[in-house]
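Working notes, beginning with the structure itself.
Protein chains get the first letters and strands the later ones, always in sequence-line order, with residue 1 at the start of each.
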Amino acid sequence: MDRADAVGFSERFPLCSWLTAVRCLNPAMRLFDTLSRTERELAPIDGSTFRFYCCGPTVYGPAHIGNFRTFVLQDVLRRTLETGGTRTLHVRNITDVDDKTIRDSQKAGKSLTEFTSGWTEKFHADCEKLGLLAPHIEPGAVDHIPQQITMIETLVEKGNAYSSDDGSVYFKISSFPGYGRLSRLDERELDLGKTQNARSSSDEYEKDSLSDFVLWKGRKPEDGENFWPSPWGEGRPGWHLECSAMIQEYLGDSFDLHSGGVDLVFPHHENEIAQSECACGGHFAANWFHITHLLVDGGKMSKSLGNLYTLEDLAEKGFSAMEVRYVLIGAHYRKPLNFTFDSLTGAREALSKLARGARQLASKIEPGTVLTSAGFGPFQAAWDSLTGDLNTPGALGGIFTGLRESVRLTGAEAAAALAGMNRLLRALGLVLPEEAAGDAVEIPELIRSLAEKRWQARLAKNWAESDTLRAELVEQGWLMKDGRESYTLEPAGN
RNA sequence: GGCGGAGUAGCCAAGUGGUAAGGCAAUGGUUUGCAAAACCGUCAUUCGAGGGUUCGAUUCCCUCCUCCGCCUCCA
């Protein structure tokens, strides 16, 4: 199957020799598809570029590490595909108009755009710290109002949507038989009939069926300045429709993969399928990739429990974004991941162990050797884990195992192993700590002189004074480590 | 209540119808004036509980317990 596919690829692209070679060595990866509930091989449906869409953040505050679990795993998926020689087109939106962005921008006394662009910038800064590749296209909903209106018009024309008296437009779920397939919603669960309580409920908009969802929201006073003209009067787009319209704009009617957190399966993605397949008439996404939620200390993350962390919160506690990334890829994406501070500390140790391993491997290679090997050497098992349903913890384990195996390697074999390891690290998006990272820390003059005093005492074999001074340094929060010819100082207990 | 997912050593976690990867922590050793760091070694007869199928199950089936997610705009 894999081989046959590779042959087909080379026939289609006879000139892409290096790409073909990579593909032959590393056949396309496999990934579990939420809709079909099977593991499937990921191959671009257009034969050249793997085009995928990720539901991005709603920019009304800082993203937390739970959000980033999703974005990091999406990043690993992209990196793995690219490492395997597949070209990608990555689209991730910014949700910049919805109830929360409007509400909070008003609270902040800012315009919606001013408010959301601030949080978008913050999001980008966090992404960069985490080593996330920037999407090729990052559309915002506000910039795509015409496309959204066009899609709604199409749905109304086709009889899949209807407008109500208050200027809102709803999608008629009963017009799409496939509704509920992704989330396995039993039809009995849906209230498909016209009900009286729909009209009399506290719901703010008028719709025929309780299950019907809004495509366009008629203007309301609390929207403030945030409304746009439309054939149904002034208003703003519904959240679900934003994604469908932007997907059609940048990826067309059909594309390779759609992704988001599990919570988006229903109703968001279910609704997207309904809108897009009714409006465009084709098959929407070929694959669905959903990332399970992060737990903190075994439970749900929430502000009230005080366990909702942002990168900034963790940085204040002395943890780097790369350490956070390591923790986030430390569990399989379809299983819950329990985030703890112990695992963050563990990530620090694990990362420096990887860095030592890489340095040791590099030390066995002639300087100037070009790492051209296309294989993975002792890290083949790690690569197989990664390309087999994106098993990131399996891949991490495989790197450590491969590192142990490569201890015996020399020359060209060591070079090939290092090339394989680097390729894996790139796929996982891990950047290893530099050897002398501690040098960046500023050491106060008092500490310097204490350390120097102790070093002299130690050279004079005055152990008692030496130990007293070291204890004093610890009290000041500094750890002094003796080397053969000199010493190092680092902040203790971080 | 409905649907979906998870329970593997102190912690974070892979994995498999044939007898449990890896990381952290812990611990023994080498080294060090002593430490730290580094390096070498040890570390689950057992995979939530109880049944069943099987030559054999942690892995398949059933029941139970616990936890988590979704059930209309939360990644």
Side-chain angles (χ1 to χ4, degrees), chain A residues 34 37 54-58 63-74 95 98-100 173 180 183-186 188-191 203 207 210-214 217 237-243 259-268 270-271 290-295 297-302 326-327 329-332 334-354 356 360 381-382 385 388 391-404 407 458 461-464 466-467 470-471 474 479-484 487-488 490 492:
Chain A
T34 313
R37 306 205 167 234
C54 303
C55 286
T58 301
H64 54 70
I65 54 174
N67 297 313
F68 281 120
R69 182 185 190 191
T70 296
F71 300 132
V72 164
L73 265 298
Q74 290 164 343
T95 298
D98 77 326
D99 293 351
K100 287 177 302 225
I173 283 182
S183 55
R184 290 187 148 187
L185 262 189
D186 194 300
R188 285 168 296 185
E189 289 294 306
L190 296 167
D191 179 6
D203 195 83
K207 50 188 175 180
L210 274 179
S211 304
D212 288 351
F213 57 91
V214 70
K217 294 182 163 190
W239 177 50
H240 309 303
L241 190 88
E242 297 172 4
C243 286
S259 172
V262 273
D263 56 313
L264 298 185
V265 171
F266 186 88
H268 187 53
E270 197 71 76
N271 292 353
H290 289 108
I291 293 94
T292 300
H293 276 195
L294 181 75
L295 303 177
D297 295 326
K300 192 179 175 178
M301 210 173 18
S302 78
Y326 188 96
V327 172
I329 63 173
H332 186 82
R334 281 198 281 137
K335 284 194 173 181
L337 164 57
N338 191 19
F339 187 92
T340 63
F341 281 94
D342 284 348
S343 58
L344 266 179
T345 309
R348 171 169 302 166
E349 296 308 317
L351 280 167
S352 51
K353 187 167 181 173
L354 286 176
R356 284 195 304 275
Q360 200 189 4
S385 290
N391 187 345
T392 48
L396 288 172
I399 294 178
F400 285 102
T401 308
L403 225 30
R404 196 174 302 143
V407 164
R458 188 176 171 276
K461 296 192 190 295
N462 189 345
W463 309 130
S466 171
D467 289 349
R470 181 163 58 196
V474 168
L479 212 59
M480 183 165 173
K481 297 177 181 175
D482 302 336
R484 204 167 267 272
Y487 57 89
T488 59
E490 54 187 64

### Task
Using a heavy-atom cut-off of under 4.0 Å over every strand shown, decide if A/G66 touches base, sugar-phosphate, or nothing.
base

### Task
Would you mind classifying the nucleic acid contact of A/I399 as base, sugar-phosphate or nothing, using non-hydrogen atoms under 4.0 angstrom?
nothing

### Query
Any side-chain heavy-atom pair from A/L337 and A/L295 closer than 4.5 angstrom?
no

### Task
Counting heavy atoms from C-beta on, name the nucleotide in B/C73, B/A75, B/A13 closest to the side chain of A/V214.
B/C73

### Task
Sticking with atom C1', work out how far B/A13 lies from B/C47, rounded to a whole angstrom.
13 Å

### Task
Considering only atom P, compute the distance from B/C65 to B/G23 and round it to an integer number of Å.
38 Å

### Summary
Protein-proximity profile, nucleotides 25-33 of chain B, B/S/- by nucleotide at the 4.0 Å heavy-atom cutoff, equals S-------B

### Task
Give me the one residue out of A/I329, A/V327, A/I291 that meets side-chain contact (heavy atoms from CB on, under 4.5 Å) with A/R69.
A/I291

### Message
Quick one, A/T488 with A/M480, criterion side-chain contact (heavy atoms from CB on, under 4.5 Å). Give me CA distance, side-chain angles, the key distance, then yes/no.
### Response
CA-CA 6 Å; A/T488 59; A/M480 183 165 173; over 6 Å; no

### Query
For A/N391, which residues count as a side-chain hydrogen bond (donor to acceptor under 3.5 Å, both in side chains) partner, sequence neighbours excluded?
none

#### Entry: Value in whole Å for how far the C1' atom of B/A75 lies from CD1 of A/I291
8 Å

### Message
So A/G346, base contact, sugar-phosphate only, or nothing? Heavy-atom distance under 4.0 Å.
### Response
sugar-phosphate

### Query
With a 4.0 Å cut-off, would you call A/D467 and A/R458 a salt bridge?
no

### Task
Applying side-chain contact (heavy atoms from CB on, under 4.5 Å), run through A/L351 and A/R356 and close with a yes or a no.
CA-CA 9 Å; A/L351 280 167; A/R356 284 195 304 275; over 6 Å; no

### Euclidean distance for C1', B/U58 against B/U32 (whole angstrom)
45 Å

Using the 3.5 Å cut-off, write out each protein N or O paired with an N or O of nucleotides 7-9 of chain B and the distance between them.
| from | atom 1 | to | atom 2 | distance (Å) |
| --- | --- | --- | --- | --- |
| B/G7 | OP1 | A/K335 | NZ | 3.3 |

### Task
Taking only the side-chain heavy atoms of A/K481 (C-beta and beyond), determine which of B/G4, B/U72, B/A35 contains the nearest atom.
B/A35

### Task
Could you tell me whether the phosphate oxygens of B/C12, OP1 or OP2, come under 4.0 Å of any side-chain nitrogen or oxygen in A/N338?
yes

### Task
Whenever both distances are under 3.5 Å in a Watson-Crick or G-U wobble pair, mark it; put RNA chain B into dot-bracket that way, with [ ] for crossing pairs and | when the partner is on another strand.
(((((((..(((.....[...))).(((((.......))))).....(((((..]....))))))))))))....

#### Entry: Side chain of A/R37 - closest among B/A35, B/C73, B/G4
B/G4

### Message
Rounded to whole Å, how long is the line connecting atom NE2 of A/H290 with atom C1' of B/A75?
### Response
10 Å

#### Entry: For A/H268, all residues meeting ring-ring contact (aromatic ring centres under 6.0 Å, His included), sequence neighbours excluded
A/W239, A/H240

### Message
So if I take every side-chain heavy atom of A/A331 and compare against B/G23, B/C12, B/A14, which nucleotide ends up nearest?
### Response
B/A14

### Task
Check step by step if side-chain contact (heavy atoms from CB on, under 4.5 Å) holds for A/C55 and A/S259.
CA-CA 6 Å; A/C55 286; A/S259 172; over 6 Å; no

### Query
Among B/G22, B/C11, B/C73, which nucleotide sits nearest the side chain of A/T340?
B/C11

### Query
Does B/U72 have OP1 or OP2 sitting under 4.0 Å from an N or O in the side chain of A/N271?
no

### Query
Listed by chain and number, what are the side-chain hydrogen bond (donor to acceptor under 3.5 Å, both in side chains) partners of A/S466, not counting sequence neighbours?
A/R454

### Message
Between A/Y326 and A/L354, is there a side-chain heavy-atom distance shorter than 4.5 Å?
### Response
yes

### Task
Return the set of residues passing side chain to side chain contact (heavy atoms under 4.5 Å, CB included) with A/R484 (not counting sequence neighbours), or none when no residue passes.
none

### Task
Starting at atom CD1 of A/I173, determine the distance to atom P of B/U72, rounded to an integer number of angstrom.
12 Å

### Query
Quick one: A/E270 CD to B/C74 C1', roughly how many Å, whole number?
17 Å

### Message
With rounding to the closest Å, how many angstrom separate the P atoms on B/C71 and B/G56?
### Response
45 Å

### Query
Sequence neighbours excluded, which residues qualify as salt bridge (charged side-chain N to carboxylate O under 4.0 Å, His left out) partners of A/D297?
none

### Task
Quick one: list whatever passes salt bridge (charged side-chain N to carboxylate O under 4.0 Å, His left out) with A/K481, sequence neighbours left out.
A/E490

### Message
Between B/U30 and B/C67, how many Å separate the two P atoms, rounded to a whole number?
### Response
49 Å

Look for any protein N or O under 3.5 Å of an N or O in nucleotides 39-43 of chain B and output each such pair with its distance, or none.
| from | atom 1 | to | atom 2 | distance (Å) |
| --- | --- | --- | --- | --- |
| B/C39 | OP1 | A/R356 | NE | 3.3 |

### Pairwise P distance for B/A25 and B/U63, with rounding to whole Å
43 Å

#### Entry: Trace of the side-chain contact (heavy atoms from CB on, under 4.5 Å) decision for A/D98 with A/K217
CA-CA 10 Å; A/D98 77 326; A/K217 294 182 163 190; over 6 Å; no

### Message
Is the shortest side-chain heavy-atom distance between A/H293 and A/V262 below 4.5 Å?
### Response
yes

### Query
Given atom CG of A/L264 and atom P of B/U72, what is their separation to the nearest angstrom?
14 Å

### Query
Between B/A75 and A/R69, is there an OP1 or OP2 to side-chain N/O distance shorter than 4.0 Å?
no

### Task
Rounded to the nearest angstrom, tell me the gap between atom CZ in A/R334 and atom P in B/A13.
16 Å

### Message
Within the 4.5 Å heavy-atom criterion, are A/T95 and A/K100 side-chain neighbours or not?
### Response
no

### Query
Roughly, in whole Å, what's the span from CG in A/L403 to P in B/A38?
14 Å

### Message
Distance check, P atoms only: B/C60 and B/U66, in whole angstrom units.
### Response
22 Å

### Task
Please report, rounded to the nearest Å, how far the C1' atom of B/U72 is from the CD atom of A/E242.
15 Å

### Query
Mind checking what makes ring-ring contact (aromatic ring centres under 6.0 Å, His included) contact with A/F71, not counting sequence neighbours?
A/F123

### Message
For A/A331 versus A/T392, what's the shortest heavy-atom pair and its separation?
### Response
O-OG1, 3.4 Å

### Same-atom distance (P) from B/U42 to B/G17, integer angstrom
28 Å

### Query
Can you find a pair of side-chain heavy atoms, one from A/H290 and one from A/D263, that are under 4.5 Å apart?
no

Quick test: give all pairs of protein nitrogen or oxygen and nucleotides 67-70 of chain B nitrogen or oxygen below 3.5 Å, distance rounded to 0.1 Å.
| from | atom 1 | to | atom 2 | distance (Å) |
| --- | --- | --- | --- | --- |
| B/C70 | O2' | A/F266 | O | 3.4 |

### Summary
By nearest-nucleotide position on RNA chain B, the 5'-leaning member of A/H64 and A/F339 is A/F339

